[in-house]
There are 2 protein chains.
Amino acid sequence: MTINMEKPYVVGMDIGGTNTVFGVVDSRGNVLASDSVKTQQYENIDDYVDAVCKKLLPLLSQFGGAEKIKGMGVGAPNGNYYSGTIEFAPNLPWKGIIPLASMFEERLGIPTALTNDANAAAIGEMTYGAARGMKDFIMITLGTGVGSGIVINGQLVYGHDGFAGELGHVIVDRNGRACGCGRKGCLETYCSATGVARTAREFLVQRTEPSLLRNVPADEIQSKDVYDAAVKGDKLAQDIFEFTGRILGQALADFIAFSSPEAIVLFGGLAKSGDYIMKPIQKAIDENILKIYAGKTKLLLSQLKDADAAVLGASALGWEVKEN
Amino acid sequence: MTINMEKPYVVGMDIGGTNTVFGVVDSRGNVLASDSVKTQQYENIDDYVDAVCKKLLPLLSQFGGAEKIKGMGVGAPNGNYYSGTIEFAPNLPWKGIIPLASMFEERLGIPTALTNDANAAAIGEMTYGAARGMKDFIMITLGTGVGSGIVINGQLVYGHDGFAGELGHVIVDRNGRACGCGRKGCLETYCSATGVARTAREFLVQRTEPSLLRNVPADEIQSKDVYDAAVKGDKLAQDIFEFTGRILGQALADFIAFSSPEAIVLFGGLAKSGDYIMKPIQKAIDENILKIYAGKTKLLLSQLKDADAAVLGASALGWEVKEN
């Protein structure tokens, strides 16, 4: 990160299926001001860019305008770093290939880089969070899906096409659960928040023991309910975390054989279930790791401040973006 | 690769459990002269280094001596690039941690780098072979075991400890075959030459149909026998390659989700079984790949000349080694 005193700020923007959040960030990782728009409200991409700029420009003027901004980083599903485009994102309103980075550059005059949300989180963690000073780590985001950002030799891994690091779609069971990607048994069908809820419904059918989760209508169960029940000592809920943690730990042991990272950093609501999930993950890593890697890779929780994490992650990319 | 006309050669050395082969190589990848010693004959590492130097020095003097050598690259099992050591290699006679790179540097006055054999093969492929000009590819070596060398952003991936890239030990079946590493179901228990022989013995027991392989004593079957039988139209032998290729292709599809490489380069005897193995590998990749990667990653055969491949691979590291 190069801090230029004439351009002391960056803009971070996180595009989610529901909300787009953006903010102005300083070099210490403070989100100085932020705002948002509803992503789904804009079927036309030009209308969307208009709406974002309309709210972002007043924020910028609080800090001296666009000329004080070093760069803008955007985290988006199916974001391609090389081309600055969003490509065929199933959960966004815009079809095909959207050249979003250049659209914002034209409108704002700020150099803009774009990548997928998990990559943005990894850069954020390296710049402001648990991975400061690390050259080799893997970020795993546990949200609606499972995302990943891989850092090797201090650089994010984009691959030859800009789409590297889809570890949520590594297959853990070839006859396993149907995945939104059209295949079966992807890691994210088990270890995302959605996967945990799915496991809950499965366990509630397979087992007959009493559980607090039986008070929640089956198709409304969320991973938060499982956590709340686990905290109250509910055995079935605790077993759901054991099951989830074991599958994730087994997969992480394989990921370590790939890049032998100094740490794996977990991000997202599920990671905050504390020992209920962290202990089985660590146990499964220890039981499944190849001997030469044993005990070497740290399992860490994200240190990005919660409410700001998505904006912070994306903003970190703004420090690295090159001016045209 | 920087070619210094005053130091126009490199030395490559490949340390195998049986033979150690070494040679002098020019910038075009010609092995100008080579020799070998029997690895297992030297229980003491000093005796081993003596024996290698005794044969290597006369080779060097043919080309103007050590001062004409830019660097030496060594490929060895359990080789650690960062420290130049061989660490706890189960198939070599020397126990513990052996500082082999510095031992050779002291004896020969040639800057020496060391890495594991699959990493050396990857650098060789990037310098002289099928991966010339590529910045992102994965080398898979199919030998007695399955090894891998991963190149990302034009750099070999060593990980935080020097041991990254053990893709032969990614687990493809958690209740699968016992592996030499002490775990179960590693990729190499299925997709190495040894794994193919193991599959042959398994299929011969499970099935009752006639097969040319029934003429070979079960515990003497080698992957070469399977190939010979397949070429003669033996259905069971062809099915063994189908089975092997499917498992490898499934695993490669997962590896692509990690680093989205431009190509996967296969090296080793098994890869030379032509369409018998390549077709099922490609088919399994196509059937198991995440949609965004579909059709993008090339499946290539090594282009390193066979007899010289190990020496060439290691020698390529010699161009990159830094003088102290």
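Values below: all heavy atoms of this structure, side chains included; hydrogens, waters and symmetry mates excluded. Sequence lines set the chain letters: A, B, ... in the order given, protein chains first and strands last, and positions in each chain run from 1.
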Next item on the list: Drop me the distance from B:F255's CZ to A:D254's CG, to the nearest 0.5 angstrom.
Entry: 8.0 Å
Next item on the list: Measure the CD1-CD distance between B:I289 and A:E166 for me, rounded to the nearest 0.5 Å.
Entry: 11.5 Å
Item checked: Per-residue contact mode, A:I292 against chain B (heavy atom under 4.5 angstrom) -> both
Chain B interface, residue from [options] that has the most non-hydrogen pairs under 4.5 Å:
| options | result |
| --- | --- |
| A:H169, A:E87, A:R174, A:E262 | A:R174 |
| A:L290, A:V170, A:T297 | A:L290 |
| A:V172, A:D173, A:V157, A:N78 | A:V157 |

Notebook entry, point to check: If contact means a heavy atom pair closer than 4.5 Å, which residues of residues 177-196 of chain B contact chain A?
Noted result: B:C181, B:R183
Notebook entry, point to check: Does anything in residues 130-142 of chain B get under 4.5 Å of chain A by heavy atoms, and if so which residues?
Noted result: B:D136, B:I138
Note to self: Can you give me the closest heavy-atom contact between A:L167 and B:A257, atom names plus distance?
What the structure shows: CD2-O, 4.1 Å
Checklist line | Region of B:I152 that comes under 4.5 Å of a non-hydrogen atom in chain A | finding: side chain
Notebook entry, point to check: Which bit of B:N288 comes within less than 4.5 Å of chain A, counting heavy atoms only: side chain, backbone, both or neither?
Noted result: both
Item checked: Side chain to side chain, A:Q250 and B:I171, heavy atoms closer than 4.5 Å -> no
Next item on the list: Could you check whether the rings of A:F258 and B:F258 sit parallel, tilted or perpendicular, using 30° and 60° as the cut-offs?
Entry: parallel
Checklist line | A:K95 atom NZ, over 12 foreign heavy atoms within 6.0 Å | finding: yes
Next item on the list: Tell me, out of B:S148, B:A263, B:P261, B:S260, who's got the most heavy-atom pairs with chain A below 4.5 Å.
Entry: B:S260
Check: What residues, two or more places apart in sequence or in another chain, satisfy ring-ring contact (aromatic ring centres under 6.0 Å, His included) together with A:Y293?
Finding: none
Checklist line | With B:D161 via salt bridge (Lys or Arg N to Asp or Glu O under 4.0 Å) - residues at least two apart | finding: A:K296
